Amino acid sequence: MPHTNDATRAVVIPRRRREPGGDPADTRRTNWWATALIAVCSLTVFIPLYLSVSVALKTPEQLASGTGFELPWPINWQNFAVAWERTDYPRVLLTTAIITAGSVVFTLLTSSLVSYALARNLHRPFFKGVFYYLLAALFIPFPIIMLPLVKQTSLLGLDNPAGMIILYTIYGLSLNIFIYTAFIRSIPIELEEAARMDGASTWRVFRQIVFPLLMPMNATVGILTCVWAWNDFIMPLVVLTSPSDRTLSLAQYVFQGQYNTDYTVAFASYLMAMAPLLIVYIFSQRWVISGVMRGSIK
């Protein structure tokens with residue numbers, strides 16, 4: 001049998017099937033029916049947004065005489081002034097901003113540090129048990145622990161904005177660890193070993209090497225925590241005891257009467273509460289998407 005050299009052996013490469021009227025290297029097809037359906041479903045989000053803006057710019061008489069979808073004319077900007085005054089908007093906005101900013105900062109510091117310790121020690125039974133223990137907390141509904149939480153925060157003096165920051169940091173730990181750990185395990189361990197050979201401590205390795213590499217995850221976790229702390233209603237309702245500490249979500253209660261609701265002013269207040277967070281999310285959504293995509297690839 002004749003000898004055949006591997007270097008001269010013929011390699012048969014299968015040819016791509018050429019798509020009619022398209023690039024021979026591109027075999028993907030666009031499902032236009034599915035694309036159109038997704039586009040239409042995505043546009044439905046503008047219906048409640050339009051209704052909110054329309055109601056906020058009407059008088060009670062205009063709202064009562066129509067269905068709510070009619071264009072407001074004449075436009076009643078006075079609703080925003082009334083909502084500003086009745087909710088004490090500057091004070092509740094400052095309280096909400098302090099709680100949200102504090103929650104984001106402490107969440108990023110604690111969740112990333114705990115996740116780093118777990119990710120680099122998951123081969124040990126103790127750390128693996130702690131990891132699954134924290135993940136199990138994701139399946140516990142908040143109403144189950146609501147009454148014990150109220151009692152404990154009252155006894156510890158945490159029924160204030162500082163206590164809210166601590167609670168948001170603790171209750172967000174489970175989901176944040178789940179997000180951080182997968183990404184940290186994708187970071188090459190050789191980077192840390194090289195730094196340790198140069199005399200760097202574990203804390204310095206985390207601070208100067210690992211934490212800067214976590215910026216996509218930091219953006220994702222930070223924005224998710226910001227949206228949660230800003231929009232949350234149940235936890236501030238059951239924890240905060242002083243009326244002067246109420247947040248933007250709690251301030252909407254002022255429009256709910258026993259027998260009627262001032263819908264026009266209430267919707268104006270809803271838009272005022274939504275506007276700051278909406279602006280933040282518009283400018284930072286690309287970091288959320290990129291962070292989630294990078295975290296899904298190990």
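Fair warning: this is a prediction, and the values are worked out from it, not measured in the lab.
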* Spell out, as yes or no, whether a donor-acceptor pair under 3.5 Å connects the side chain of R246 to the backbone of V92. => no
* Asked: Is there a donor-acceptor pair closer than 3.5 Å between any side-chain N or O of Q252 and the backbone N or O of L248?
  -> yes
* So, does T35 use its side chain to make a donor-acceptor pair with the main chain of N31 at under 3.5 Å? -> yes
* Structure fact -> Minimal heavy-atom distance between T169 and S103, with the atoms involved, is OG1-O, 4.1 Å
* To do: Might you work through the side chain to side chain contact (heavy atoms under 4.5 Å, CB included) test for L49 and F46, ending with a clear yes or no?
  => CA-CA 5 Å; L49 182 60; F46 290 103; 4.3 Å; yes
* **With T247 via side chain to side chain donor-acceptor pair (under 3.5 Å) - residues at least two apart** => none
* Asked: Side-chain heavy atoms under 4.5 angstrom apart, residues restricted to Ile, Leu, Val, Met, Phe, Trp, Tyr: same cluster for V114 and I170?
  -> no
* Asked: Relative to the ring of Y171, is the ring of F142 parallel (under 30°), tilted (30 to 60°) or perpendicular (over 60°)?
  -> perpendicular
* Using the test salt bridge (Lys or Arg N to Asp or Glu O under 4.0 Å), find all partners of R204 that sit at least two apart in sequence or belong to another chain. => none
* To do: For residues R120 and E192, determine if any side-chain heavy atom of one lies less than 4.5 Å from a side-chain heavy atom of the other.
  => yes
* To do: For Y89 and M272, indicate whether the former's side chain and the latter's backbone hold a donor-acceptor pair under 3.5 Å.
  => yes
* Hydrophobic cluster membership, I184 vs L122, 4.5 Å side-chain cutoff -> yes
* To do: May I ask you to check whether D159 and T241 show a side-chain donor-acceptor distance below 3.5 Å?
  => yes
* Are W203 and L113 close enough that some pair of their side-chain heavy atoms sits under 4.5 Å apart? -> yes
* Does T44 reach the main-chain N or O of C41 with its side chain, forming a donor-acceptor pair under 3.5 Å? -> yes
* To do: Considering non-hydrogen atoms only, spot the tightest contact between P212 and R207 and give its length.
  => CD-O, 3.4 Å
* Picking from I187, N121, V205, T181, what satisfies side-chain contact (heavy atoms from CB on, under 4.5 Å) with Y116? -> V205
* Asked: Hey, which of Y270, W230, F233 is the one that makes side-chain contact (heavy atoms from CB on, under 4.5 Å) with S249?
  -> F233
* Donor-acceptor pair, T87 side chain versus A83 backbone, under 3.5 Å? -> yes
* Asked: If you take all heavy atoms of P148 and I144, which pair is closest and at what distance?
  -> CD-O, 4.0 Å
* Using the rule that two of Ile, Leu, Val, Met, Phe, Trp, Tyr join whenever any of their side-chain heavy atoms come within less than 4.5 Å, decide whether Y132 and Y180 are in one cluster. => yes
* Taking the side chain as every heavy atom from C-beta outward, state whether T107 and L173 have any pair of such atoms under 4.5 Å apart. => no
